[in-house]
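Please read the structure below before turning to the comments.
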Amino acid sequence: MNYILMGPPGAGKGTQAKKIVEKFGIVHLSTGDMFREAKKSDEDIRKFLVSGRLVPDEIVVNMVKKRLEKDDIKKGFLLDGFPRTVNQAQELDKMLKSENIKIDAVFFIDVHFEEAVKRISGRRVCSCGASYHVNFIPPKVKGKCDVCNGELIQRSDDKENVVKDRLDVYKKQTSPLIDYYKKTGLFVNIDGLKSESEVFKEIKKYIEAK
Ligand code: AP5
Ligand code: MG
């Protein structure tokens, strides 16, 4: 059971990824999460993230390659935020071919940019990894994490000026992947405008039917 989760920034990839890996017992591989961890000690990575630009393909590909060499991925994995360029997708194809691993589906969480901006601007996260939305998925106590009672903050790349650049980057560099995966027959369009639980229901239904 190996899947790719795609969609514009703020579509709900991370939100759905958490539910999918919990339900199906597979590994969550989020390049965004890996880079947010790396940026604490790597100034170059930090610069890419705070500006909303993509980290160069070579760095991303090597990082994913190393991660896919670990034993735990044998139970299945979900790629969240990777690949993000056609070149990354081609490199992933090579990696998977050499390890004889197959992708079962590419889920595309379909939301328009206006909705993505609404979701990003209201997102609040906790250092424990939990994520909320001030209106759509609020915590029980304002500003506090339901899981660990930690303080909720806004991601540095969720500030208005960076969000526009992230959406531009997505349009130019990532959206060509839609056609790339449509050609493989693995592409599954998911209506991302529905509620968190309805979106999950749709993905779950697809996985369970296979
Ligand atoms: P990354 O962390 O992958 O960011 P992203 O793609 O911009 O996506 P987000 O994490 O912002 O959104 P999401 O789709 O996960 O939405 P979420 O579930 O949080 O990447 C960050 C940076 O790392 C990049 O800019 C780049 O610099 C670098 N990077 C990462 N991967 C790379 C790669 N492969 N190559 C090069 N560079 C790379 O939900 C958003 C909000 O909406 C939340 O508040 C949530 O509560 C809410 N929400 C979710 N679902 C719903 C719903 N159905 N209804 C209402 N609200 C909802
Ligand atoms: Mg995310």
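Counting starts at 1 for both ligands and their atoms, following the listed order.
- Where the criterion is an N or O separation shorter than 3.5 Å, residue side chain and backbone included, Glu115 fails it with respect to ligand 1.
- Nearest to atom 6 (O) of ligand 1 among the protein's heavy atoms is Arg84 NH2, 2.5 Å.
- Of the possible polar contacts, one joining the His133 side chain to the Lys118 backbone as a donor-acceptor pair under 3.5 Å is found.
- The nearest protein atom to atom 7 (O) of ligand 1, hydrogens excluded, is given as Arg166 NH2, 2.7 Å; this is a heavy-atom distance.
- Between Gly12 and ligand 1, at least one N/O pair is under 3.5 Å apart.
- Protein heavy atom closest to atom 29 (N) of ligand 1, with residue, atom name and distance, is Phe35 CD1, 3.7 Å.
- A donor-acceptor pair under 3.5 Å is formed between the side chain of Gln16 and the backbone N or O of Glu196.
- For ligand 1, none of its N or O atoms has an N or O atom of Asp157 under 3.5 Å away.
- In this structure, atom 42 (O) of ligand 1 lies nearest to the protein heavy atom Arg119 CB, 3.2 Å.
- Judged purely by atom type and a 3.5 angstrom limit, Lys13 uses its side chain to pair as donor or acceptor with the backbone of Gly7.
- The closest side-chain heavy-atom distance from Ile203 to Ile20 is below 4.5 Å.
- Other residues, nucleotides and ligands place more than 12 heavy atoms under 6.0 Å from the CD atom of Glu43.
- Looking at Asp93 and Tyr180, their side chains do bring a donor and an acceptor atom within 3.5 Å of each other.
- Distances from atom 46 (O) of ligand 1 to the heavy atoms of Ile137, Asp165, Val162 show the closest one on Ile137.
- The protein heavy atom nearest to atom 49 (C) of ligand 1 is Thr15 OG1, 3.4 Å.
- Residue Ser195 touches ligand 1 through its backbone alone, judged by heavy-atom distances below 4.0 Å.
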Worksheet item: Given the rule in the side chain to side chain contact (heavy atoms under 4.5 Å, CB included) test, do Lys39 and Lys47 qualify, once you have shown the distances and angles that lead to the verdict?
Response: CA-CA 8 Å; Lys39 89 173 168 66; Lys47 281 185 190 152; over 6 Å; no

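- By the 4.5 Å heavy-atom criterion applied to side chains, Ile59 and Asn62 are not counted as neighbours.
- The nearest protein atom to atom 19 (O) of ligand 1, hydrogens excluded, is given as Arg123 NH1, 2.5 Å; this is a heavy-atom distance.
- Lys144 places none of its side-chain heavy atoms less than 4.5 Å from the side chain of Leu152.
- Within the 6.0 Å centre-distance limit, the rings of Tyr206 and Phe107 are counted as a close aromatic pair.
- The N/O atoms of Arg124, backbone and side chain alike, include none that comes under 3.5 Å of an N/O atom in ligand 1.
- Gln154 CD: more than 12 foreign heavy atoms inside a 6.0 Å radius.
- Among Leu5, Val55, Ile120, Thr174, the residue whose heavy atom sits closest to atom 37 (N) of ligand 1 is Val55.
- The shortest contact between atom 31 (N) of ligand 1 and any protein heavy atom is with Thr31 OG1, 2.7 Å.
- Distance check, rounded to the nearest 0.5 Å: CG of Leu68 to NZ of Lys74 gives 12.0 Å.
- Near Phe136, the atoms of ligand 1 lying under 4.0 angstrom from a non-hydrogen atom of the residue are 55 (C), 56 (N).
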Practice prompt. Give the intermediate values and the outcome of side chain to side chain contact (heavy atoms under 4.5 Å, CB included) for residues Val188 and Phe108.
Written response: CA-CA 6 Å; Val188 182; Phe108 176 71; over 6 Å; no

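- Listed by number with element, the atoms of ligand 1 under 4.0 angstrom from any heavy atom of Gly14 are 13 (P), 15 (O), 18 (O).
- Within the 4.5 Å cutoff, the side chain of Gln173 has no heavy atoms near those of the Arg84 side chain.
- Proximity of Val111 to Arg119: side-chain heavy atoms (C-beta onward) are separated by under 4.5 Å at one or more points.
- At a cut-off of 3.5 Å, with distance as the only test, a side-chain donor of Asn87 or Asp57 sits close to an acceptor on the other residue.
- The nearest non-hydrogen atom to atom 10 (O) of ligand 1, considering only Lys13, Arg155, Gln173, comes from Arg155.
- Each of the following atoms of ligand 1 lies closer than 4.0 Å to a heavy atom of His133: 44 (O), 46 (O).
- Remark: minimum distance from atom 25 (O) of ligand 1 to any protein heavy atom is reached at Gly52 O, 4.0 Å.
- At least one heavy atom of Lys194 sits under 4.0 Å from some atom of ligand 1.
- Near Glu196, meaning under 4.0 Å from one of its heavy atoms, ligand 1 places the atoms 52 (C), 53 (N).
- With a heavy-atom cut-off of 4.0 Å, Arg53 touches ligand 1 through its backbone alone.
- Considering backbone and side-chain atoms together, Gly10 places an N or O closer than 3.5 Å to an N or O of ligand 1.
- Within ligand 1, the atoms closer than 4.0 Å to a non-hydrogen atom of Gln88 are 33 (C), 34 (N), 35 (N), 36 (C), numbered from 1 in the order shown.
- Between atom 34 (N) of ligand 1 and the options Ala17, Ser51, Gly81, the minimum heavy-atom separation is to Gly81.
- Those atoms of ligand 1 that come under 4.0 Å of a heavy atom in Tyr132, given as number and element, are 43 (C), 44 (O), 46 (O).
- Counted by atom type alone, Asp165 and Ser51 present zero donor-acceptor pairs between their side chains at under 3.5 Å.
- Applying the 4.0 Å criterion to heavy atoms of Arg36 picks out, from ligand 1, the atoms 2 (O), 21 (C).
- Of all atoms in ligand 1, listed by their number and element, those nearer than 4.0 Å to a heavy atom of Val60 are 33 (C), 34 (N), 35 (N), 36 (C).
- The shell of residues lying under 4.0 angstrom from ligand 1, judged by heavy atoms, includes Ala11.
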